[in-house]
Every structure is written in C-alpha cells, then in structure tokens.
Amino acid sequence: FLDGIKYSFTNSQGYGDYKFIGLKNYIALFQDNRVGHAYLFTFLIAILITVLINVIALFLSVLLNSKIAFKNGFRAIFFIPYTLSVLVIGYVFKYIFMNPLPELGKALGIKWLSTSLLTNEQLSWIPIVFLAVWQGIAYSVLIYLAGLQTIDDEIYEAAAIDGVNAWQKFWKITFPLIGPFFTINLVLSMKNALGTFDQVVALTEGGPNSSTETVTYLIWKGGLTGGEYAYQTANAVLFFIVLAIIAFVQLRISRSQ
C-alpha cells in the first residue's frame, strides 16, 4: 500500500529507473476526460446496482422467510449465482446478449433489442448492471434472511391483533428491526458495485468507444497493459480515498437514523 502511494508520485513504467515528479500525476487525473468519464460511469452504475440489489433482495428475502412450500430449496437456488465465477458466467451472458437476445428482439419487433446491447454505446451499460445485480442479489438475500429470522413472531402476532395490514407490518415493524442488516448490505453492495471489474472484462472490455470503462478497469488496463503504471497507481490511490469517504458517509447516515 505504501509502495503504491510512493509510485504515484513518480513517472515509473512498472520497471526500470524512475524519478519523483511530485503531484503531476494527480493534477493530470483531474484534467483527463477519460478518467472523469470512468468515475461518472462507475458512480452511476454503482448507485443503480446498489438500489436494485437491495430492493429485489429485500423483496425476495421477505418471500423466502414466509410460510411457503420448499422455501429451503428456493433459498439454495437463489444463492447459486453467488457461488459462480463472475468471469465464467460473464462469458455465458456475453453469448446470450450477442446471439439469442437479439434474435428474440427481431422476432418481437423490438428495435433496440434487435442488435446486441454490448455494441450499443448508449445501452451497453445494461448487461453490466444486469449481471452485477443477478449475481449480487444472492449474498444480500442471505444477510436479509438472517436479519428476518431474528424478529420474534410474537411481534407480528400482536400487530395482527391490532389490525395492522401487510404494508404497515413491513414498514413499521420488519424494516426498522432489520436496520443493521440493511446498513451492512448497503455498504457491501455499494463497495462491490464501485469495484465493478470482472463484468466489464467479460462483457464489453470497456467498449464500445470506452463507454463502459469503470475506474477499476481503467486502472488495470492503463496501469498494467497501457504503460501508465505510476499514473494509474495515482488513480488507484485517489479511488481508495473516494471509497473510504463514501463508506464513512454511509455509516454515519445509517447510524444517525
């Protein structure tokens, strides 16, 4: 970690001699449109992924915690995506978005779906978000289920006697009592979403026209294969600071509620 900070103040290419250049890398980062786009894209999809994961996972966990048949089997099924390699399943989804889905779009007469979303500069973010949400829901469901099982059934029984409807039961009883679990899921899902990398590698490789480059992908591509070792190391240090600030703010807001 300390070496990374040191190299961010140099002109190192990752090998050979180097010299210290002060804050030049950091100043250049704030003037680089490609870096700015990567940060904006990362934050936008991270917010979307975090919201979708928590809304869908909370809905599913409430269903899976209710009195339904085969709920243990359903819990296992919903957890399967989390056990799969992101890269491996990413290439499977790449095939789906490149072949069967466009054919389905043509058959249904849906113009925007008739060509691969992966080659559409305006819509190429959709497969990345879809894969991240599809795989991220599993772990969040597990955490929410753990929270729901800590709630005493007698609370619900007392509420039923008072004539509380299903929505009031969820909003006034269930959600407040699983507040700590919601905080954990919010922080973890946001952290994972901000670090979106494997999905980009498997699906778009940052394209088309660099439109789906996330910060982590840009750091890897530019730093390890693009001859920008010190420059992208500075980007990594900056991104670490941003992540730390976001996590701190999330925790402060959650604790104050």
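From Leu60, atom CG reaches atom CG of Asn65 across 12.5 Å, with rounding to the nearest 0.5 Å. Residue Ile45 holds its CD1 atom at 6.0 Å from CD1 of Ile128, rounded to the nearest 0.5 Å. Taken to the nearest 0.5 Å, the NZ atom of Lys19 stands 6.0 Å off from the CG atom of Asn11. We find the OG1-CG distance between Thr42 and Leu243 to be 9.5 Å, quoted to the nearest 0.5 Å. Note: Leu52 CG to Ile47 CD1 = 12.0 Å, rounded to the nearest 0.5 Å. The structure places CE of Met98 at 10.5 Å from CG of Leu117, a figure rounded to the nearest 0.5 Å.
Every residue was checked against the salt bridge (Lys or Arg N to Asp or Glu O under 4.0 Å) condition with Asp153, not counting sequence neighbours, and none meets it. Applying the salt bridge (Lys or Arg N to Asp or Glu O under 4.0 Å) test to Lys169 and every residue at least two apart in sequence or in another chain returns nothing. Residues forming a ring-ring contact (aromatic ring centres under 6.0 Å, His included) with Phe20 (at least two apart in sequence, or on another chain): none. Tyr231 pairs by the ring-ring contact (aromatic ring centres under 6.0 Å, His included) definition with nothing, not counting sequence neighbours. Under the salt bridge (Lys or Arg N to Asp or Glu O under 4.0 Å) criterion, Lys106 pairs with Glu103, not counting sequence neighbours. Considering only residues two or more places apart in sequence or on other chains, Trp134 meets the ring-ring contact (aromatic ring centres under 6.0 Å, His included) condition with Phe93. For Tyr82, the ring-ring contact (aromatic ring centres under 6.0 Å, His included) partners at least two apart in sequence or on another chain are Phe79, Tyr139. Not counting sequence neighbours, the partners of Tyr156 by the side-chain hydrogen bond (donor to acceptor under 3.5 Å, both in side chains) test are Thr174.
Residue pairs satisfying the ring pair (Phe, Tyr, Trp, His ring centres under 6.0 Å) criterion with at least one member in residues 36-63, sequence neighbours excluded, are listed as follows: Tyr39-Phe239. Residue pairs meeting the salt bridge (Lys or Arg N to Asp or Glu O under 4.0 Å) criterion with at least one member in residues 46-63: none, sequence neighbours excluded. Applying the salt bridge (Lys or Arg N to Asp or Glu O under 4.0 Å) test to pairs two or more places apart or on separate chains, those with a residue in residues 186-213 are Arg34-Glu213.
Here the side chains of Ile21 and Phe9 are not in contact, with every heavy-atom distance at 4.5 Å or above. Residues Val201 and Tyr91 meet the side-chain proximity criterion, which asks for heavy atoms closer than 4.5 Å. Inter-residue side-chain proximity for Thr233 and Ser8 is flagged as met; some heavy-atom pair is nearer than 4.5 Å. Two residues are said to be in side-chain contact when any heavy atoms from C-beta on lie closer than 4.5 Å; Thr212 and Leu203 fail this criterion. The shortest side-chain heavy-atom distance between Ile143 and Leu188 falls under the 4.5 Å cut-off. No side-chain heavy atom of Phe197 sits under 4.5 Å from any side-chain heavy atom of Ile219. The closest side-chain heavy-atom distance from Phe30 to Val35 is not below 4.5 Å. Side chains of Asn120 and Trp112 form no contact here, defined as non-hydrogen atoms less than 4.5 Å apart.
Under a hydrophobic clustering in which Ile, Leu, Val, Met, Phe, Trp and Tyr are joined whenever their side-chain heavy atoms come within less than 4.5 Å, directly or via other members, Leu238 and Leu40 fall into different clusters. Cluster membership check: Leu44 does not share its hydrophobic cluster with Leu131, using side-chain heavy-atom separations under 4.5 Å among Ile, Leu, Val, Met, Phe, Trp and Tyr. At a threshold of 4.5 Å between side-chain heavy atoms, the hydrophobic network of Ile, Leu, Val, Met, Phe, Trp and Tyr places Ile155 and Trp167 in one connected group. Phe248 and Phe182 fall into different hydrophobic clusters, where Ile, Leu, Val, Met, Phe, Trp and Tyr residues are linked whenever their side-chain heavy atoms come under 4.5 Å apart, directly or through other members. Note on Val92 and Leu118: same hydrophobic cluster, where clusters join Ile, Leu, Val, Met, Phe, Trp and Tyr whose side-chain heavy atoms are under 4.5 Å apart, directly or indirectly.
Side chain of Gln135 to backbone of Leu84: a donor-acceptor contact under 3.5 angstrom is found. A donor-acceptor pair is defined here as one N or O able to donate and one able to accept, closer than 3.5 Å; such a pair exists between the side chain of Thr216 and the backbone of Thr196. Remark: the backbone N or O of Leu186 is paired with a side-chain donor or acceptor of Ser189 at under 3.5 angstrom. A donor-acceptor contact shorter than 3.5 Å links the side chain of Ser116 to the backbone of Phe97.
Within 6.0 Å of the CG atom in Asp152, the count of heavy atoms belonging to other residues, nucleotides or ligands exceeds 12. More than 12 heavy atoms of other shown residues, nucleotides or ligands fall within 6.0 angstrom of atom NZ in Lys6.
Checked against the 6.0 Å centroid threshold, Tyr15 and Tyr229 do not count as a close aromatic pair.
Between Met190 and Ile246, the closest heavy-atom pair is CG-CG2, 4.2 Å. Contact record, Gly206 with Val200: N-CG1, 3.4 Å, taken as the closest heavy-atom pair. Residues Ala38 and Leu218 share a closest heavy-atom pair of CB-CD2, 3.9 Å. Of all non-hydrogen atoms in Thr10 and Ala230, the two that sit nearest each other are O-CB, 3.1 Å. Looking at every heavy atom in both residues, Val164 comes nearest to Gln168 through CG1-CB, 3.4 Å. When all heavy atoms of Ser124 and Pro208 are compared, the closest pair comes out as OG-CD, 3.6 Å.
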Intermediate values then yes/no, side-chain contact (heavy atoms from CB on, under 4.5 Å), Val237 and Tyr26: CA-CA 10 Å; Val237 173; Tyr26 290 94; 3.5 Å; yes
side-chain contact (heavy atoms from CB on, under 4.5 Å) between Val242 and Leu194, intermediate numbers included: CA-CA 10 Å; Val242 171; Leu194 286 169; over 6 Å; no
Which side-chain N or O atoms in residues 144-151 pair as donor and acceptor under 3.5 Å with protein atoms at least two apart or in another chain?
| from | atom 1 | to | atom 2 | distance (Å) |
| --- | --- | --- | --- | --- |
| Tyr144 | OH | Asn54 | OD1 | 2.7 |
| Thr150 | OG1 | Gly147 | O | 2.5 |

